[in-house]
Amino acid sequence: MNLHAIRAIYGFELSRWFRTLGQSIISPVISTSLYFVVFGAAIGARMGSIDGVSYGAFIIPGLVMLNLLNESISNASFGIYMPKFSGTIYEVLSAPVSAAEVVLGYVGAAATKSVLLGLLILVTARLFVPYEIAHPLMMFGFLVLTAVTFSLFGFIIGIWADGFEKLQIIPLMIVTPLTFLGGSFYSISMLPPVWQTIALFNPVVYLISGFRWSFYGVADIGAGVSLAMILVFLSVCLAVVWWIFRTGYRLKS
Amino acid sequence: MESMISVKGLTKAYASGFQALRNIDLDIHRGEIFALLGPNGAGKTTLINIICGIVRPTAGIILADGHDVVRDFRAARSRIGLVPQELSTDMFEKVRATVSFSRGLFGQPPDAARIEQVLRAVSLWDQRDAKIMTLSSGMKRRVMIAKALAHDPDILFLDEPTAGVDVELRRDMWAMVRGLRASGVTIILTTHYIEEAEEMADRVGVISKGEIILVEEKATLMRKLGKKQLRIQLLTPLSAIPTALARYPLELGGNGCELVYTFDTQGEGSGIAGLLRQLNDAGIGFRDLHSSESSLEDIFVSLVSARA
């Protein structure tokens, strides 16, 4: 195991993050605050509580997930796309590192950033809405698992992308709609029955539902099912990454 | 001679069907400077990239210091440093940070003192905290050399190290490369500047259309293929070569004002003395003599064009 290499990649990625602190931390916090001002205070005051949870508190887990997914994907995809774009990937490819070490460095750094950001958003939310976390350990577990899974997903996108447009298109066209339709701002049970069934095909529903359960002990879908779905998605991502390095897809000719 | 890099039967066919390398056999000796010459697209960079692990071989075996570069990639790659042709750097990163990153990536523990040594060796210590994007291209080239040296490799690949580098920096770089060789590093460089190979290399390999067409000690190569020419400036023009001089390979040039005598440096004696005596006897006066030796470049051009 080349621990020095993992450390080098991880440190490099985190320092890139600190260099762009404004973009990577402050802007998600500001946008989250805006969500709270609009949905929590302005609209939320006119909404009834859902499953016994006030609307302002209800949307917190969904908002954290929204940011967690976006940040994990964009951090990880950008982290591996940039060396490909600038050509500096030659160094990683010629270094005595295994695929697992490269992934640990890049994905580990991206997941670390998203988890820190998720926690920061929780702290920010506390300024607007009082809430409690029923299962803090489970909450943290969901946070970390989701961050790792979607950082892996972002890593795959970053390797697949051969232009900036491709880098943006999956988050924009697929992930953001799935997140908004995945119950960030409402409970699936509020939908007409047909849409409730369709919603079950949206993987983000499981992420948000399980995460919300860890806060308030209530959920659209059982926490066990949510956890299982995250693990399935994690396994799929790991399998794809394994295939990428085995075949050298878009990395080595 | 002990071999530091041993390439056997290396073939590379890209997915497009392009055959970049054909059955390459090559041995690089420990501690030598080996220059790989070849026209654009000959396969120089592909060969280097395969040895360094950036491109996959289609067939063949490569050992670096006895370690298979595919099966035993950790041991092999940790001994190798690569300075690629393209100036690819992390523009926003600072010089010292990027060199430290390279050291870690190649499995060495952090060592601030060693990084300082490397940066001083390439005259970048004063720029240690500068962002790479603010540096000149010559300095960026040196950053890349520092990155390649950060983990103390035994083998250094320099792919076109002096492309687009000014004369002074090129001299500095040559001095640095000699210093590295003196410290025991094996160096493989590709270059377009034949003078660079002529100046630096112990041995020269010529690659053309994916095949190694020649590997030779530089001195032997120049002796073997080198030709000398003697140009004799005549006092009065000649219309034809006098029959008395027929046994010499002579050509008449410069509107009859110049006799060109081409001879092999390997031949037993040059025959110049005899020729001059004959000229004297024939009453042909001359005012100047000019002798020249063919350079590696001439040799190279004639080799590659013979193949084309």
Side-chain angles (χ1 to χ4, degrees), chain A residues 1-24 75 78-106 108-109 158-159 162 243-253, chain B residues 12-16 18 20 45-46 48-58 67 69 72-94 97-98 100-111 131-133 144 147-148 150-151 153 157 159:
Chain A
M1 198 78 170
N2 187 346
L3 288 175
H4 293 301
I6 300 173
R7 208 182 99 164
I9 296 175
Y10 187 85
F12 175 87
E13 280 296 292
L14 282 189
S15 78
R16 187 171 65 83
W17 190 45
F18 283 114
R19 261 203 314 264
T20 53
L21 213 58
Q23 181 202 327
S24 44
N75 274 324
F78 211 73
I80 190 68
Y81 178 74
M82 276 318 286
K84 274 176 50 191
F85 178 72
S86 69
T88 54
I89 191 83
Y90 83 86
E91 205 177 13
V92 175
L93 294 179
S94 66
V97 290
S98 68
E101 288 152 5
V102 173
V103 170
L104 271 173
Y106 279 107
I159 286 190
D162 49 14
W243 173 84
I244 283 172
F245 279 100
R246 212 181 68 96
T247 59
Y249 173 76
R250 299 244 161 135
L251 284 175
K252 291 189 185 192
S253 45
Chain B
K12 174 66 188 178
Y14 282 103
S16 62
F18 175 65
T45 299
T46 300
I48 287 185
N49 282 350
I50 291 178
I51 298 174
C52 293
I54 296 171
V55 171
R56 293 159 177 251
T58 306
H67 303 280
V69 298
D72 199 5
F73 73 94
R74 278 186 206 274
R77 292 187 196 173
S78 58
R79 285 163 174 78
I80 297 177
L82 166 66
V83 184
Q85 197 172 337
E86 303 285 331
L87 275 180
S88 317
T89 51
D90 294 301
M91 297 200 299
F92 303 103
E93 196 62 70
K94 289 176 180 168
T98 198
S100 306
F101 168 78
S102 301
R103 184 176 168 85
L105 194 61
F106 279 75
Q108 297 295 314
D111 185 343
K131 278 190 180 171
I132 294 172
M133 62 192 295
M144 298 191 64
K147 282 166 78 70
H151 64 284
F157 284 93
D159 196 358

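Just so it is clear: chains get the letters A, B, ... in the order the sequence lines come, proteins before strands, and each one is counted from 1. As the structure is a prediction and not an experimental result, all values here were calculated from the model.
- Among A:Ala5, A:Gly11, A:Ala95, the residue making the largest number of heavy-atom pairs under 4.5 Å with chain B is A:Ala95.
- Heavy-atom distances place no part of B:Thr98 under 4.5 Å from chain A, backbone and side chain included.
- To the nearest 0.5 angstrom, B:Ser102 atom OG is 9.5 Å from A:Phe12 atom CZ.
- Of the two parts of A:Val92, the backbone and the side chain both hold a non-hydrogen atom closer than 4.5 Å to a non-hydrogen atom of chain B.
- Atom-to-atom distance recorded for B:Arg56:CZ and A:Thr247:OG1 is 6.5 Å, nearest 0.5 angstrom.
- Heavy atoms closer than 4.5 Å to chain A are found in both the backbone and the side chain of B:Glu93.
- Side-chain contact between A:Ser98 and B:Arg74 is present, with at least one heavy-atom pair separated by less than 4.5 Å.
- Within a 6.0 Å sphere centred on CZ of A:Phe85, other residues, nucleotides and ligands contribute 12 heavy atoms or fewer.
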Practice task
Applying side-chain contact (heavy atoms from CB on, under 4.5 Å), run through B:Phe92 and A:Thr20 and close with a yes or a no.
Solution key: CA-CA 11 Å; B:Phe92 303 103; A:Thr20 53; over 6 Å; no
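- Atom NZ of A:Lys84 is surrounded by more than 12 heavy atoms from other residues, nucleotides or ligands within 6.0 Å.
- Considering CZ of B:Arg77 and CG of A:Leu93, their distance stands at 8.0 Å, rounded to 0.5 Å.
- A:Ala8 approaches B:Leu105 most closely through the heavy-atom pair CB-N, 3.8 Å.
- In this structure, A:Ser94 OG and B:Ile48 CD1 are separated by 11.5 Å, a value rounded to the nearest 0.5 Å.
- Heavy-atom pairs under 4.5 Å with chain A peak, among B:Glu86, B:His151, B:Gln108, at B:Gln108.
- Your options are A:Leu3, A:Val97, A:Leu251, A:Thr88, and the one with the most heavy-atom pairs under 4.5 Å with chain B is A:Thr88.
- Contact of B:Ser78 with chain A is made through backbone and side chain together, with heavy-atom distances under 4.5 Å.
- A distance of 5.5 Å separates OH of A:Tyr90 from NZ of B:Lys147, quoted to the nearest 0.5 Å.
- Between chain B and the options A:Arg7, A:Arg16, A:Arg19, heavy-atom pairs under 4.5 Å are most frequent for A:Arg19.
- For B:Tyr14, the part lying under 4.5 angstrom from a heavy atom of chain A is the side chain only.
- A 4.5 Å side-chain heavy-atom check between A:Ile9 and B:Phe101 finds at least one atom pair inside the cut-off.
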Practice task
Just do the side-chain contact (heavy atoms from CB on, under 4.5 Å) check on B:Met91 and A:Ser86 with the steps written out, would you?
Solution key: CA-CA 9 Å; B:Met91 297 200 299; A:Ser86 69; over 6 Å; no
